[in-house]
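As a basis for the values below, the full set of heavy atoms in this structure was taken, side chains included, without hydrogen atoms, waters or symmetry mates. Order of the sequence lines fixes the chain letters, A, B, ..., with proteins taken first and strands second; residue numbering starts at 1 for each chain.
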Protein chains: 2
Amino acid sequence: MAGPTLRDVAKRANVSIRTVSNVVNGYAPVSDELRARVQVVLDELGYRPNLIARNLKQGRTGMIALVVPELDVPYFAELVREVITAARAQGYVVMVDQTDGDAERERELLARDSRATMFDGLLLSPLAISAEDLRGRGNRVPIVLLGEHIFNGSFHHVAIDNVAAAREATAHLLEQGRRRVAAIGDQPYATGETAQLRTSGYRQAHARLGLAVDDRLIVPTPRFHRRLGLEAMEHLLALPDPPDAVFCYNDLLALGAMRALTRAGRRIPDDVAVIGIDDIEEGQYSTPSLTTVAPDKAEIARLAVDILLQSINGTATTPSELVVPHRLIVRESTAT
Amino acid sequence: MAGPTLRDVAKRANVSIRTVSNVVNGYAPVSDELRARVQVVLDELGYRPNLIARNLKQGRTGMIALVVPELDVPYFAELVREVITAARAQGYVVMVDQTDGDAERERELLARDSRATMFDGLLLSPLAISAEDLRGRGNRVPIVLLGEHIFNGSFHHVAIDNVAAAREATAHLLEQGRRRVAAIGDQPYATGETAQLRTSGYRQAHARLGLAVDDRLIVPTPRFHRRLGLEAMEHLLALPDPPDAVFCYNDLLALGAMRALTRAGRRIPDDVAVIGIDDIEEGQYSTPSLTTVAPDKAEIARLAVDILLQSINGTATTPSELVVPHRLIVRESTAT
DNA sequence: TGAAAGCTCTGCAACGATGCAGACATCATG
DNA sequence: CATGATGTCTGCATCGTTGCAGAGCTTTCA
């Protein structure tokens, strides 16, 4: 079961444990002859360093944890991919966990008996957790937040400018002459910060054109899933004066909404135009393909990992708020 | 930076380190009075056990690694979710990594300097790696393979019956009277075992009805991505005698194929019926929704984690080949 | 009353690796 | 030739925890 240790190798090669360690790490000066001799034994026994022991001594694990609400939500899946890639480039591996948007579980992850000590740092995409929870914890491990900024200045944080993104998405629809633009995805309660920022952007776009917002066209959804987008759209279609365009707070909602429209026999974009946020790959292959606002996910991941590692190394200064660029990608669902 | 240790607590509470450890773990008998006194100090200092040290002593980490080709492929994302859930139920956490189907990278993961010693076990969904590679490694950590069985009996293995799944999918199309059923996704080379099994099933379905297979309708693709499905479908449509149905080796290929069909103005399923494998959520919301063969992903994850933990505990017997049930789900893309 | 048994609690060693201080041999230098 | 510098190699202590053996005290019972 257990592999050979430095001791086993040392005994066999008739040298000290320390020398074997030096050979393995290429540290201290070791004569070429001895190095070769030890290397032979290393190979013979198939020695591999026990990383747990090494980590105990060095106080590092080379692992960071990444916690997202739901792994099978494409946006997060794509983000996780980028984070793993970015971390790997810096010699780190990533432990992934999901919370299912369950506040209890998010809290548990940070709490007393968690495995926090196993990781050098934590990337957290919070959904249900509050600032209170975060501050209350032992604060042992460096944290970087993804996609929210409700913790005003207490933590490092990486995200797009949600207000601007939403404003541009809405403006794109309004500029086409659409005048009943609905919004799907508002979350008017404590943990719905991202959604609220997007609602702000939606209102700003109207305000800048001097247009009034019909609040009945703002449909809240507790999560950003396809099914909820579908249901919200059905609700909107049942209104006496249904919308001629929909801004969905993410692509999944938009895909659900498009499904509802197609089923109801509405043409996209002729009868109703649809736009989302996230630029998940699925939107390129849907029928029609989906117009969206694309955050630079690779950049989010890269920056987040960078700051986290800086925090770990103690070279990070005060908590930073990093804003990552986004851009509008026009596809068939709003093509004129 | 570093948190308080057992020693710090012991010193402050005027007891031995061992006693503090006993209180923390509730192990040996400790008088209620002393236990309470120590607990107070534990809380005061906010003590948290150093899991690295504990693991070093116990030779376990409570972590397993899960390696998949691509995290942002929905099937794997959904599978990862299930694995994390299953592992959590057993008190384990999951480190996720992806190989991008790169043989080099898959090999590297198993090789000399990998972090293998950090994990109690490994779940691997191999793509480019060969049996040789697997056998050649130090064989330090228990392994369970997902979705392939090319390592005939050398490793634990969990998968659906790929031949049967493909046969049933193809039969579903043939039973509708379709007579030019194409197949997208064959991989006629060493590491394409899964694809080859599906091709076998495709042929079996024809054979059982006494029908000949037109080999020009079998389009190989190096990966199972949307884009490749789209391109393969375009190729098929350009044939002098194009197909009236397509069996795609996974849902992503099918979604790409449907995109090509829609763009070409073909009606689904009237002109061409489409079926996939995997039952990813996306297929429920596509237009049209996608008929598919659904593997029981939760069961795959549960079984895989179970065997892996049994291997870790030494209670697993000889390598087992576990077959997980699947079922046909008929949706609009083949509705009659 | 004395030995055995039971209950708490403690100290030492160990998991496998690395940091540090030095031992020893060799060599150059004045 | 003595001295110091240099180049190799080694042993001890240590990271924070747990396993083990037993110390010290009280209780129990013949």
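B/Arg54 places its CZ atom 14 Å from the C1' atom of C/dC15, with the value rounded to the nearest Å. Residue A/Asn14 contributes atom CG, which lies 11 Å from atom P of D/dG11 at whole-angstrom precision. Atom CE in A/Met118 sits about 14 Å away from atom C1' in D/dG16, given to the nearest Å. What separates CZ of A/Arg18 from P of C/dG16 is a distance of 17 Å, to the nearest Å. As rounded to whole Å, 15 Å separates atom C1' of D/dT17 from atom CG of A/Asn55. We find that CG of B/Leu51 is positioned 10 Å from C1' of D/dT17, with the value rounded to whole Å. In this structure, the CG atom of A/Leu56 is 12 Å from the C1' atom of C/dA14, given to the nearest Å. In this entry the distance linking CG of B/Leu34 with C1' of D/dG24 reads 15 Å, nearest Å.
Closest contact between the side chain of B/Ala53 and the listed nucleotides C/dT10, C/dG16, D/dT17 involves D/dT17. Closest approach to the A/Lys57 side chain among D/dT10, D/dG16, C/dT18 is made by C/dT18 (side chain taken as heavy atoms from C-beta onward). Nearest to the side chain of A/Ser16, among C/dT18, C/dC9, D/dT10, sits D/dT10.
Between B/Glu33 and A/Ser21, the residue whose closest nucleotide on DNA chain C is further toward the 5' end is B/Glu33. Between A/Ile17 and A/Pro29, the one whose closest nucleotide on DNA chain D sits nearer the 5' end is A/Pro29.
For B/Thr19 (side chain) and B/Val15 (main-chain N/O), no donor-acceptor pair under 3.5 Å exists by modelled atom type. In this structure, the side chain of A/Thr194 engages the main chain of A/Gly147 through a donor-acceptor pair within 3.5 Å.
Taking a 4.0 Å limit (strictly below) on heavy-atom distances, residues 5-13 of chain A does not reach DNA chain D anywhere.
In this structure, A/Thr19 reaches the bases: a heavy-atom distance under 4.0 Å links it to at least one base atom across the strands shown. At the heavy-atom level, B/Asn22 lies under 4.0 Å from base atoms of the strands shown. Residue B/Ile52 is out of contact with every strand shown, counting any heavy-atom pair closer than 4.0 Å.
In this structure, a donor-acceptor pair under 3.5 Å is present between the side chains of A/Thr61 and A/Asp120. Defined by atom type and a distance below 3.5 Å, a donor-acceptor pair is present between the side-chain atoms of B/Arg18 and B/Asn22. Using a 3.5 Å distance cut-off with no hydrogens or angles, the side chains of B/Gln39 and B/Asp43 do pair a donor with an acceptor.
Taking side-chain N and O atoms only, A/Ser31 has a distance below 4.0 Å to OP1 or OP2 of D/dC9. Between A/Asn25 and C/dT18, a side-chain N or O to OP1/OP2 separation shorter than 4.0 Å is present.
Ion pair B/Arg302/B/Glu299 flagged as a salt bridge, since at least one NZ, NE, NH1 or NH2 atom sits closer than 4.0 Å to an Asp/Glu carboxylate oxygen. Under the 4.0 Å criterion applied to side-chain N and carboxylate O atoms, A/Glu82 and A/Lys297 are not assigned as salt-bridge partners.
Taking the side chain as every heavy atom from C-beta outward, A/Phe76 and B/Asp72 never approach each other to under 4.5 Å.
Between the side chain of A/Arg48 and the base of C/dG16 there is no donor-acceptor pair of N/O atoms closer than 3.5 Å.
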